[in-house]
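Sequence lines set the chain letters: A, B, ... in the order given, protein chains first and strands last, and positions in each chain run from 1. Side chains are part of it too, since the values below use all heavy atoms of this structure and drop only hydrogens, waters and symmetry mates.
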Protein chains: 2
Amino acid sequence: MSRIQQKNRDLILQGALQAFSTHGLRGATIDQIARAAGLSKPNVLYYFGSKDEIHKALLTTLLDMWLAPMQQIDPKGEPLVEVLSYVRAKLLMSRDYPRESRLFAHEILQGAPHLTEILGGGLREIVDRTVVVLERWMDEGRLARVEPRHLIFSIWSMTQHYADFETQVRAVLGAGRDPIDEGAVFLDDLYRKLLTP
Amino acid sequence: MSRIQQKNRDLILQGALQAFSTHGLRGATIDQIARAAGLSKPNVLYYFGSKDEIHKALLTTLLDMWLAPMQQIDPKGEPLVEVLSYVRAKLLMSRDYPRESRLFAHEILQGAPHLTEILGGGLREIVDRTVVVLERWMDEGRLARVEPRHLIFSIWSMTQHYADFETQVRAVLGAGRDPIDEGAVFLDDLYRKLLTP
DNA sequence: TGGAATATTGACCAAACGGTCAGGATCAAG
DNA sequence: CTTGATCCTGACCGTTTGGTCAATATTCCA
């Protein structure tokens, strides 16, 4: 792939992230993507054949990065530390990559038409592996016993909430407060109390 | 308002709920709404002047019902029972009204363009009133001290997660399990541990 | 029952949208 | 510098969409 290709594909994906994360797949237009990327509409379609193709490429590109924190849970580590680190990592992703969070939120809200194979396949395996680790820790009495998959849901929902529902969070908290800083303290406390044996 | 008006406005709002909750404001079409309502497109526009008007009417109609559970927290009740009842009520709304949940999720994801006045106004007041009650309970030592607004966020995010991300939840849990039944147990445990003084 | 008010629709319009294409501009290698 | 490959664009096309309107059907009530 040439230098120009590299650069423009990247610009397009950046623009698409901006557009799709705020308006969703159907709501975003190729024109918006092109404008956000600083390219003309036909030029965007020169690199990606269709809007769906852009969307698919974007999801595929970002999925690994999105699931990475969970795979960094160390089965040999101290259970509480590992879980709290994971929570912290997910929370920081809501701060640093809120658009990515909203992109996936849109997709799943609509029934994940472009992610079904991943949701039923890779994601479930990754979760299953983590569940095994969590259950072992619980068996060993090093972590309080809770339903592990719902524990994971709780982490996902609460951390991503700060990105996906940012508008609401800011409206409720008012100006001058840092939602994620406060959230980090709250979540640390919450999971300590929930998971300390 | 005549009987026919009553019936058709209701049919339209029902159809709109179906369409908007799955595709969002821009993604849903008046045709979809009309089809879901069993009416013709011009007839839909006879009752509501535009797609935006339908959307606005729908949000306005549903907002009170959506916020009702929080206002039923009894300041004179037993703190832990009141909070756990609220959690349970919100969770049951995810089971009984998942489309309403997704409708609001779509709206807030896009920055709540049609809800800004409500988010900054009424919602904040309702939350503030609840926060006062929660803080009093904490001052009295009847509830463990946590940041009350983030406590509310956690309830919202975890309960609504079962509706908004249902596809993902089902993909991870697999068939034959009742996500919300299990979630009820998990959340009861979680908030007991978090809030017991 | 007659006629005014209300309800409904097919046909239509303009704008927005996804996508195509022929041809011109630019670049990289010999 | 030449030339072929890559890159880019204005103009265009068919479809979808939000919305209008004149004409028709239905309802309601004096």
TODO: Please list residues of residues 45-55 of chain B whose heavy atoms come under 4.0 Å from any atom in DNA chain C, ordered by number; otherwise none.
DONE: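 The stretch gives Y46(B), Y47(B) as the residues lying under 4.0 Å from the strand, ordered by number.
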Open item on the list: Which residues in residues 15-33 of chain B have a heavy atom closer than 4.0 Å to any atom of DNA chain D?
Closed with: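 Heavy-atom cutoff 4.0 Å gives A28(B), T29(B), I30(B).
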Open item on the list: I need the CG-P distance between N8(B) and dA7(C), as an integer number of Å.
Closed with: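 Those two atoms, CG and P, are 8 Å apart.
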Task: Between P of dT6(C) and CD of Q6(B), the distance in whole Å - done: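 Distance check: Q6(B) CD to dT6(C) P gives 16 Å.
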List every contact pair, protein side and nucleotides 10-12 of chain D side both N or O, where the distance is under 3.5 Å.
none

Could you list the cluster mates of [X]? Members are the ILVMFWY residues connected by side-chain heavy atoms closer than 4.5 Å, either directly or through other members.
X	result
L92(B)	none
F165(B)	I108(A)
V81(B)	none
V132(A)	none

TODO: Specify whether F153(B) and H161(A) have parallel, tilted or perpendicular ring planes, treating 30° as the upper limit for parallel and 60° as the lower limit for perpendicular.
DONE: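 Tilted: the ring planes of F153(B) and H161(A) meet at 30° to 60°.
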Task: Geometric class of the H55(A)/H114(A) ring pair [parallel <30°, tilted 30-60°, perpendicular >60°] - done: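 Perpendicular.
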Task: Pairwise side-chain contact, L190(A) with H150(B), heavy-atom cut-off 4.5 Å (strictly under) - done: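 Sidechains of H150(B) and L190(A): no contact.
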- [ ] Write out all pairs satisfying salt bridge (Lys or Arg N to Asp or Glu O under 4.0 Å) with one or both partners inside residues 78-91 of chain A, taking only residues at least two apart or from two chains.
- [x]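 For residues 78-91 of chain A, and leaving out neighbouring residues, the salt bridge (Lys or Arg N to Asp or Glu O under 4.0 Å) pairs sorted by first residue read E78(A)-R142(A).
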Open item on the list: Considering only residues two or more places apart or on different chains, which pairs with a residue in residues 125-134 of chain A satisfy salt bridge (Lys or Arg N to Asp or Glu O under 4.0 Å)?
Closed with: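 As it turns out, the salt bridge (Lys or Arg N to Asp or Glu O under 4.0 Å) pairs with a partner in residues 125-134 of chain A, which skip direct neighbours, are D128(A)-R149(A).
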Donor-acceptor pair, distance only, cut-off 3.5 Å: does the side chain of [X] make one with the backbone of [Y]?
X	Y	value
S101(B)	Y97(B)	no
S94(B)	T159(B)	yes
R145(A)	L195(A)	no

Would one find a side-chain N or O of [X] under 4.0 angstrom from OP1 or OP2 of [N]?
X	N	result
Q5(A)	dT6(D)	no
N43(A)	dT9(D)	yes
S2(B)	dT27(D)	no

Task: Residues R95(B), D178(B): salt bridge by 4.0 Å N-O rule - done: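 Yes.
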- [ ] With axes from five pairs an end, tell me the bend angle of the helix from dT1(C)-dA30(D) to dG30(C)-dC1(D), nearest 10°.
- [x]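 One end's axis against the other's: 10°.
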Open item on the list: Please determine whether the number of non-hydrogen atoms from other residues, nucleotides or ligands lying under 6.0 Å from atom NZ of K193(A) exceeds 12.
Closed with: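 Yes - once you tally the heavy atoms of other residues, nucleotides and ligands closer than 6.0 Å, there are more than 12.
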Open item on the list: Please encode protein proximity along nucleotides 22-30 of chain C as a string of B, S and -, counting only heavy-atom distances under 4.0 Å.
Closed with: ------S--
Task: Pairwise side-chain hydrogen bond (donor to acceptor under 3.5 Å, both in side chains) hits with a residue in residues 1-20 of chain A, at least two apart - done: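 Output for this query lists N8(A)-Y47(A), Q18(A)-R99(A).
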